[in-house]
There are 2 protein chains.
Amino acid sequence: MRCFAPPFAKREKQKEAAGGRNGAYMTDMAKELHHPERDQIELSAVLEALSEPTRREIVLRLTEEGESPCQAFDATAPKSNLSYHYARLREAGITRTRIVGPYRMISVRVDDLAARFPGLLDSIIAASRARAQAG
Amino acid sequence: MRCFAPPFAKREKQKEAAGGRNGAYMTDMAKELHHPERDQIELSAVLEALSEPTRREIVLRLTEEGESPCQAFDATAPKSNLSYHYARLREAGITRTRIVGPYRMISVRVDDLAARFPGLLDSIIAASRARAQAG
DNA sequence: CCGTCAGTTCAACAATTATTGAACTCCTTG
DNA sequence: CAAGGAGTTCAATAATTGTTGAACTGACGG
């Protein structure tokens with residue numbers, strides 16, 4: 001946690017104009033993201049994460065295309081909404097995200113999920129595919 | 001919908017005492033409950049319903065013991081909370097409830113779920129069993 | 001350094017979920 | 001009919017989820 005960032009002179013001006021924010025962002029946007037260990041992946045978190053349609057679509061496409069840049073999903077939803085969904089998927093142990101310069105590559109932890117909950121991801125993917133084809 | 005129930009004289013008194021409720025319950029508590037048709041069962045609803053631990057426990061026990069009276073789960077949570085969970089399971093198409101006098105028998109729609117999302121319920125049950133044994 | 005881009009964080013907001021306890025409805029029995 | 005039991009409904013509440021847009025951070029190139 002870096003808490004000694006210098007004052008943002010430019011930001012002070014913008015704050016006055018936008019009239020929105022108090023306090024500074026002091027969050028450390030790390031170069032390595034946290035992922036739960038395989039044995040920490042919880043069934044409830046996985047089921048809940050995958051019950052949401054946007055997140056299920058992301059996972060479906062990732063299983064079809066393999067590791068992809070987050071950018072590949074830009075047309076799916078606004079950036080900040082996607083950030084939220086990526087975080088939910090990652091925290092649930094469903095995806096892995098690695099930082100490559102200004103980009104992020106995201107992939108499904110297929111092996112971990114299969115080891116942890118055999119058949120679960122496959123059945124959800126299959127159901128999603130059937131739905132996508134019928135729709 | 002029965003809308004011509006007589007005024008509840010006794011209830012009027014209790015309302016004064018309890019100081020809580022306005023208006024009459026006019027909901028028709030039918031003898032037959034609505035269940036979605038097999039092809040109306042939605043993946044999101046199923047995943048979300050089963051992401052909740054109490055509901056998952058109910059379903060797990062039902063698959064082990066077969067159709068059971070709701071009473072069998074009385075120790076799991078308070079009655080009103082159970083009513084809520086039963087309704088969520090039923091609406092999601094996961095369980096079937098039939099009314100037998102003052103009792104309700106509840107069962108899992110195993111065949112429907114298997115037909116609709118092959119392998120899904122099995123993998124969730126298996127994961128829940130593994131968890132129950134480890135816990 | 002500045003400007004741009006990729007993606008995140010934040011706060012606000014609306015919607016939804018899960019829980020609670022009292023009142024309710026329906027059924028059964030005496 | 002009254003009483004009791006099974007289970008539901010209702011309204012209130014707290015917590016959580018999903019969305020939004022502005023501000024932010026870090027990387028990169030000129």
Side-chain angles (χ1 to χ4, degrees), chain A residues 2 5-6 8 10-33 44-45 48-49 51-55 69-74 76-88 90-92 97-106, chain B residues 1-2 5-6 8 10-33 44-45 48-49 51-55 69-74 76-92 97-106:
Chain A
R2 306 170 192 156
F8 292 89
K10 196 193 302 183
R11 183 171 151 267
E12 287 293 331
K13 287 183 182 174
Q14 288 179 1
K15 192 185 71 175
E16 294 297 331
R21 311 273 175 182
N22 306 312
Y25 283 16
M26 294 196 182
T27 308
D28 180 23
M29 292 167 66
K31 293 185 180 157
E32 292 276 332
L33 299 168
S44 281
E48 179 161 348
S51 69
E52 204 281 321
T54 298
R55 294 201 283 269
C70 289
Q71 212 172 28
F73 301 95
D74 279 1
T76 308
K79 287 237 182 215
S80 56
N81 191 228
L82 284 174
S83 274
Y84 174 76
H85 288 314
Y86 296 144
R88 291 302 303 265
R90 190 169 61 247
E91 289 159 6
T97 307
R98 60 187 184 99
I99 301 174
V100 186
Y103 302 97
R104 295 191 176 208
M105 305 297 292
I106 181 174
Chain B
M1 185 67 107
R2 306 169 195 155
F8 293 89
K10 196 191 300 184
R11 183 172 151 266
E12 286 294 330
K13 288 185 183 174
Q14 290 177 1
K15 190 184 71 175
E16 295 296 331
R21 312 268 174 185
N22 306 312
Y25 283 17
M26 295 197 182
T27 308
D28 181 20
M29 293 166 66
K31 293 186 180 157
E32 292 277 332
L33 300 168
S44 280
E48 180 161 347
S51 70
E52 205 281 323
T54 299
R55 295 200 282 269
C70 289
Q71 212 173 28
F73 301 95
D74 278 2
T76 308
K79 288 237 182 212
S80 55
N81 191 229
L82 285 174
S83 273
Y84 173 77
H85 288 315
Y86 296 145
R88 291 302 302 266
L89 287 169
R90 190 170 61 247
E91 288 159 7
T97 306
R98 60 188 185 98
I99 301 173
V100 186
Y103 302 98
R104 294 192 177 208
M105 305 296 292
I106 180 173

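Chain identifiers are assigned alphabetically (A, B, ...) following the order of the sequence lines, protein sequences preceding nucleic acid strands; residue numbering begins at 1 within each chain. Here the structure is a predicted model, which means the values were calculated and not measured.
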Pairwise N/O distances under 3.5 Å, protein to nucleotides 28-30 of chain C:
none

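The NZ atom of B/Lys79 sits 19 Å away from the P atom of D/dC10 (whole-angstrom rounding). In this entry the distance linking CD1 of A/Ile99 with P of C/dG7 reads 10 Å, nearest Å. Taking atom CG on B/Leu89 and atom P on D/dG7, their separation rounds to 15 Å, with Å as the unit. The CZ-P distance, from B/Arg98 to D/dG7, rounds to 13 Å in whole Å. If you measure from atom CG of A/Leu33 to atom C1' of D/dT25, you get 13 Å, rounded to the nearest angstrom. Distance B/Gln71 CD to D/dG4 C1': 13 Å, rounded to the nearest Å.
With rounding to the nearest 0.5 angstrom, the OH atom of B/Tyr86 is 9.0 Å from the OG1 atom of B/Thr97. We find the OG1-CG distance between A/Thr76 and A/Asn81 to be 10.0 Å, quoted to the nearest 0.5 Å. The CZ atom of A/Arg104 lies 13.0 Å from the CD atom of A/Gln71; values are rounded to the nearest 0.5 Å. Interatomic distance, SG of B/Cys70 versus NZ of B/Lys79, reported as 8.5 Å (0.5 Å rounding). Separation of atoms CZ (A/Arg88) and OG (A/Ser83) is listed at 14.0 Å; rounding is to 0.5 Å.
Contact between B/Ile99 and B/Glu32 at its shortest, heavy atoms only, is CD1-N, 4.3 Å. For the residue pair A/Leu82 and A/Ala77, the shortest heavy atom distance occurs at CD1-O, 3.3 Å. When all heavy atoms of B/Ala49 and B/Arg55 are compared, the pair lying nearest together is O-NE, 2.9 Å.
B/Ser44 meets the side chain to side chain donor-acceptor pair (under 3.5 Å) test with A/Arg56; sequence neighbours excluded.
Comparing A/Leu82 and B/Ser83 against DNA chain D, the residue whose closest nucleotide sits nearer the 5' end is B/Ser83.
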Original post:
Where along nucleotides 12-19 of chain C does protein come under 4.0 Å, by heavy atom, of base (B) or sugar-phosphate alone (S), with - for untouched nucleotides?
Top reply: -----SBB
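Contact check, B/Arg104 against C/dC26: no side-chain N or O comes under 4.0 Å of OP1 or OP2.
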